[in-house]
Amino acid sequence: MRHLFTLDDLTSAEIERIFAITQDLKAKFGAGIRESLLPGRVMALLFEKPSLRTRVSFEAGMTQLGGGSLFLGEDVGWGSRESIGDFGRVLSEFVDVIVVRAKAHQKVLDLAEHSSCPVINGLTDFSHPCQALADLYTVLERFGTLRGLKIAYVGDANNVARSLAEACGKLGVTFACAAPKGYQFTDSDVARLKKETPKIDLQLTEDPKAAVRGAHAVYTDVWTSMGQEAEREERRKAFAGYQVNAALMKHAPKEAIFMHCLPANRGEEVTDDVIDSPASVVVQQAGNRMHAQKGVLVWLLAAQA
Ligand code: CP
Ligand code: NVA
């Protein structure tokens, strides 16, 4: 049985296989065909933080595949009403897969330890693997290839950036990350990335202009992530020079696309003119969350069985 906590859990070949399933299912979806590949399968969504994209794309995707889903909020008492062990063992008696959005990454690992079905990380403080799969799939759709491309990430080297870097390392994409001091990948992040993907072309800089030079995609995320609200003012100051605006986009090639995992804080990490420009693929990128996750669900629950 496999889980998806970070992209370390997938090999490059497995990601390529998931992308092939994604492409097939997306083409069929576009043609009005919704293949019932997971009939009767049940997915639980256990969420400790708000969500639009992750929740709805998983639920809609599972429905399209002929399965069902259950959204579980705080009232199920995860971590409060009974032990994590009892919770995980019982929940996985009822469902075939659990998608978890947790404040602490360790909580997902602890749940999986007691679960008899696969657990998928739907965002933690540490990583957001499903987002990175949809992101790289979007870049693949746009450019027709991934190997040899460059993604520039400007902003907080957080959960989204960490997963994106892993995905790039696994798929032969150069990853440049421009962040202010104190918000860049730590030595342990870098060591982990290099251990998992020894060939990764990782460029860390404090200069956003240097990062976007030659980039095929310019990516950003909020400066203040969910749970960091108390640091908002401090972060606004630290990231002041890291806004993705028209002036910064001028340093990227003309064909560069703009990406954001959303939700965006317009006027902070990105300006309206960039996120609403023809270069922006944020809506396609969000739509691909559903297609890529259908790829993951089919791969995890059917293609491997
Ligand atoms: N990008 C993303 O995960 O969005 P949600 O928080 O709305 O799920
Ligand atoms: N870094 C953001 C991503 C939201 C999808 C957060 O964790 O809030």
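Whatever order the structure lists ligands and atoms in, that order sets their numbers, starting from 1.
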Could you tell me, for ligand 2, which of its N or O atoms are under 3.5 Å from any protein N or O, listing the pairs and their distances rounded to 0.1 Å?
unit_1, atom_1, unit_2, atom_2, d
ligand 2, 1 (N), N158, ND2, 3.1
ligand 2, 1 (N), N159, OD1, 3.0
ligand 2, 1 (N), D221, OD2, 2.6
ligand 2, 1 (N), S225, OG, 2.7
ligand 2, 7 (O), N159, ND2, 2.8
ligand 2, 8 (O), M226, N, 2.8

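If you run side chain to side chain contact (heavy atoms under 4.5 Å, CB included) between L38 and each of L297, D96, V97, only L297 comes through. Tested against L140, the residues V173, T22, L146 include a single side chain to side chain contact (heavy atoms under 4.5 Å, CB included) partner, L146.
By the rule that hydrophobic residues join a cluster once side-chain heavy atoms approach within less than 4.5 Å of another member, L45 and L301 end up as members of one cluster. Linking Ile, Leu, Val, Met, Phe, Trp and Tyr residues whenever their side-chain heavy atoms come within less than 4.5 Å leaves V99 and V119 in two separate clusters.
Between H291 and F29, a ring centre-to-centre spacing shorter than 6.0 Å is recorded.
The side chain to side chain contact (heavy atoms under 4.5 Å, CB included) search around L70 returns V42, L72, V95, not counting sequence neighbours. Annotation: side-chain hydrogen bond (donor to acceptor under 3.5 Å, both in side chains) contacts of E233 (sequence neighbours excluded): R236.
Taking 4.0 Å as the cut-off between side-chain N and carboxylate O, R101 and E48 do not count as a salt-bridged pair. K103 has no carboxylate O lying under 4.0 Å from a charged side-chain N of D125, or vice versa, which leaves the two without a salt bridge.
Each of S51, L52, R53, T54, R101, H128, Q131, C261, L262, R289 has a non-hydrogen atom positioned under 4.0 Å from some atom of ligand 1.
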